[in-house]
Amino acid sequence: QVQLVESGGGLMQPGGSLRLSCAASGRTASIYRMGWFRQAPGKEREYVAAIRWSGSITYYLDSVKGRFTISGDNAKNTIYLQMSSLKPEDSAVYYCAADSRATGGSSYDYWGQGIQVTVSS
């Protein structure tokens, strides 16, 4: 089993920045890649970004390209999502996820509890 704990969310004004962290514990050696998802009220979950545990960046949602950066620190079993130039439409609950099956796409088998990000003036 893998446990994931997100941190770093909160309230930010439009144009501001936030950094989310996700710490993994348990069977971290089984992780192939990790990702971030988000879900706003009344909307479908969006696949925001992903990174392989080897460090190569694999995916960004079009609407966050150039504004969000995903990175990882293997020594700390932690990934980050640096979010800049935030927009109100970035407001959502953000979820960290881990994939141990390498099935591809947006299929992940471990999830964090989610953390709220609100962008508002």
(Q) Checking E6 against Q113: is there a side-chain donor and acceptor pair closer than 3.5 Å? (A) yes
(Q) I'd like to know if the side chain of T28 and the backbone of S25 have a donor-acceptor N/O pair within less than 3.5 Å. (A) no
Q | Side-chain donor or acceptor of Y60 paired with backbone N/O of I70 under 3.5 Å | A | yes
Q) Any side-chain heavy atom of I31 within less than 4.5 Å of one from V2? A) yes
Q) Any donor-acceptor pair under 3.5 Å linking the side chain of S30 with the backbone of R27? A) yes
(Q) Side chains of Y108 and Y47: any donor to acceptor distance under 3.5 Å? (A) yes
Q. Have R101 and Y32 got a donor and an acceptor in their side chains that come within less than 3.5 Å?
A. no
Q) So do the side chains of Y80 and L20 get within less than 4.5 Å of each other, counting heavy atoms only? A) no
**Q.** Test item: side-chain donor near acceptor, R38 and Y94, under 3.5 Å
**A.** yes
Q: Taking only Lys NZ, Arg NE, NH1 and NH2, and the carboxylate oxygens of Asp or Glu, determine whether K87 and D90 approach each other closer than 4.0 Å.
A: no
Q: Tell me, with the steps shown, if W111 and F37 meet ring-ring contact (aromatic ring centres under 6.0 Å, His included).
A: CA-CA 10 Å; W111 294 85; F37 290 75; 4.8 Å; yes
Q.
Are P14 and S120 packed together at the side-chain level, in the sense that at least one heavy-atom pair is separated by less than 4.5 angstrom?
A. no
(Q) Checking S100 against D109: is there a side-chain donor and acceptor pair closer than 3.5 Å? (A) yes
